[in-house]
Amino acid sequence: MKLKAVYIELVHPKAPYNFKYSTRNPSHFPTPTGDEEENKIWFTMRWQEEPIGVKLVNKGSVDKPAVEVSIYSKNKLNYAELIDELIYRLEWNEDLSELYKVLKDFPEIVKKFKGMRMFCIDDLYEYLMITILLQNTHVKRTVKMAQGMLKNYGDLLEFDGKEFYCFWSPERILKVPEEELRALKVGYRAKSFLRASQDYLKLDEFEMRNISDEELRKKLLSIYGVGPASVDYIARDVFHRKNALDTVPPWEAKIYSKLLNVNTVDPKKILEIVKKKFAGWRGYAMHYLFMDLNWKHKEEPIEWFGKLMPY
DNA sequence: CATCAGGGCCCTG
DNA sequence: CAGGGCCCTGAT
């Protein structure tokens, strides 16, 4: 599908805003739903049922942020509404000054990553599908499964001289028999995709933005295929809950242990330490520490991390 | 070649 | 609340 209508607007995120660290995450598994270059990023999304393409170009600096947003669509849209949505998803109006106080023991990290926001362009539905793709497997297989699913059920979009897939809609995937999904080697996840899609259609993700952390957690856990590990990621990344971190899986506990320089790898003890240390911001704070490690590892591989990080 | 664990979650007892 | 089962893949 060729996307022709184009709308361009220069948006000013609240300073400080670090474009690079807010739009790239070395630990994300690659999907054919977007691309990035220095100071540029392309991605797709489904907005009000319509698949669209978005390009962001950095036109500012950390202290004077400016991002040129280009919207590509088949039909004209209510652009003001869509820009507001992007501001929400990209956390462009967030004030993180309290976070930096909580991170006082990590001055180098605060200095380097000041202005880094959470980067999740996905809506609840897409992120549900992503967390299911991640469960109980290695990244390599996750990538393969994602490609297979996108190729078969996603929408191929053409915009700005590029081609990317947009995630399938829940309605689309619900028409597919479970056996057909299984043929794509997604295994028992086939059932999860279908049941989670059904559950999603009963929810109102916009309403969920306003409920308490506790209620949100309960609602998310009621979705088939969503358990304690996925809830933390969804609450933090999609719903921007700064304190979302109630489960530390063993593989993360080993990494946190090193990051926090403590002599335990017991997930429960680690969680207690994190709760105390990063009161009110534990999800966000750990993201900062984790990103620091990811970028260091990308620039120069860290042996212990390479061994611990599931691949 | 067989075995096994792996960015969890569901279901059962 | 603990533990087995689940699809598949690649490592051993």
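Quick note on labels: first sequence line is chain A, next is B, and so on, each numbered from 1. Quantities reported herein were computed from a predicted structural model and do not represent experimental measurements.
- Contacts of A/G227 with the nucleic acid, taken as non-hydrogen atoms under 4.0 Å apart, involve only primed sugar atoms and P, OP1 or OP2.
- Counting non-hydrogen atoms under 4.0 angstrom, A/L308 reaches nothing in the nucleic acid.
- Atoms OH (A/Y188) and C1' (B/dC11) sit 14 Å apart, rounded to a whole Å.
- Distances from the side chain of A/A229 to the nucleotides B/dG8, C/dC8, B/dG7 place B/dG8 closest.
- Position along DNA chain C of the nearest nucleotide to A/K144 versus A/N136 favours A/N136 as the more 5'-ward residue.
- B/dA5 and C/dG4 are spaced 15 Å apart, taking the C1' atom of each and rounding to whole Å.
- Residues A/L128 and A/I223 are in side-chain contact: their nearest non-hydrogen atoms beyond the backbone lie under 4.5 Å apart.
- Note on A/E94 versus A/K242: salt bridge recorded, some NZ/NE/NH1/NH2 to OD/OE distance being below 4.0 Å.
- Taking the six-membered ring for Trp, A/F159 and A/F164 have ring centres closer than 6.0 Å.
- Remark: A/M116 CE to A/L99 CG distance equals 8.5 Å, nearest 0.5 Å.
- If you measure from atom CZ of A/R189 to atom C1' of B/dC10, you get 14 Å, rounded to the nearest angstrom.
- Using Watson-Crick or G-U wobble geometry with both donor-acceptor distances under 3.5 Å, C/dC7 finds no partner in any strand shown.
- Rounded to whole angstrom, the span from the CG atom of A/L220 across to the C1' atom of B/dG8 amounts to 16 Å.
- Interface remark: the A/R141 side chain does form a donor-acceptor pair with the C/dC7 base, using a distance-only criterion of under 3.5 Å.
- Put simply, CD on A/Q147 is 16 Å from C1' on C/dC8, counting in whole angstrom units.
- Taking the P atom of each, B/dT12 and C/dC7 are spaced 14 Å apart, rounded to whole Å.
- Contact annotation: A/S230 reaches the phosphate of B/dC9 (side-chain N/O to OP1 or OP2, under 4.0 Å).
- Residue-to-nucleotide proximity on DNA chain B shows that, of A/K191 and A/L134, the 5′-proximal contact is made by A/L134.
- Among the protein residues, A/S27 comes within range of the nucleic acid bases, having at least one heavy atom under 4.0 Å from a base atom.
- Protein atom NZ of A/K140 is 12 Å distant from nucleotide atom P of C/dT9, rounded to whole Å.
- Of the candidates B/dC10, C/dT9, C/dA11, the closest approach to any side-chain atom of A/Y224 belongs to B/dC10.
- What separates CG of A/L181 from P of C/dC6 is a distance of 19 Å, to the nearest Å.
- Remark on DNA chain B: of its neighbouring residues A/R195 and A/P249, the 5'-side contact belongs to A/P249, judged by nearest-heavy-atom nucleotide.
- Closest contact between the side chain of A/Y233 and the listed nucleotides C/dA11, B/dG7, B/dG8 involves B/dG7.
- Contact check on A/R217 versus A/D232 returns a salt bridge, with a Lys/Arg side-chain nitrogen under 4.0 Å from an Asp/Glu carboxylate oxygen.
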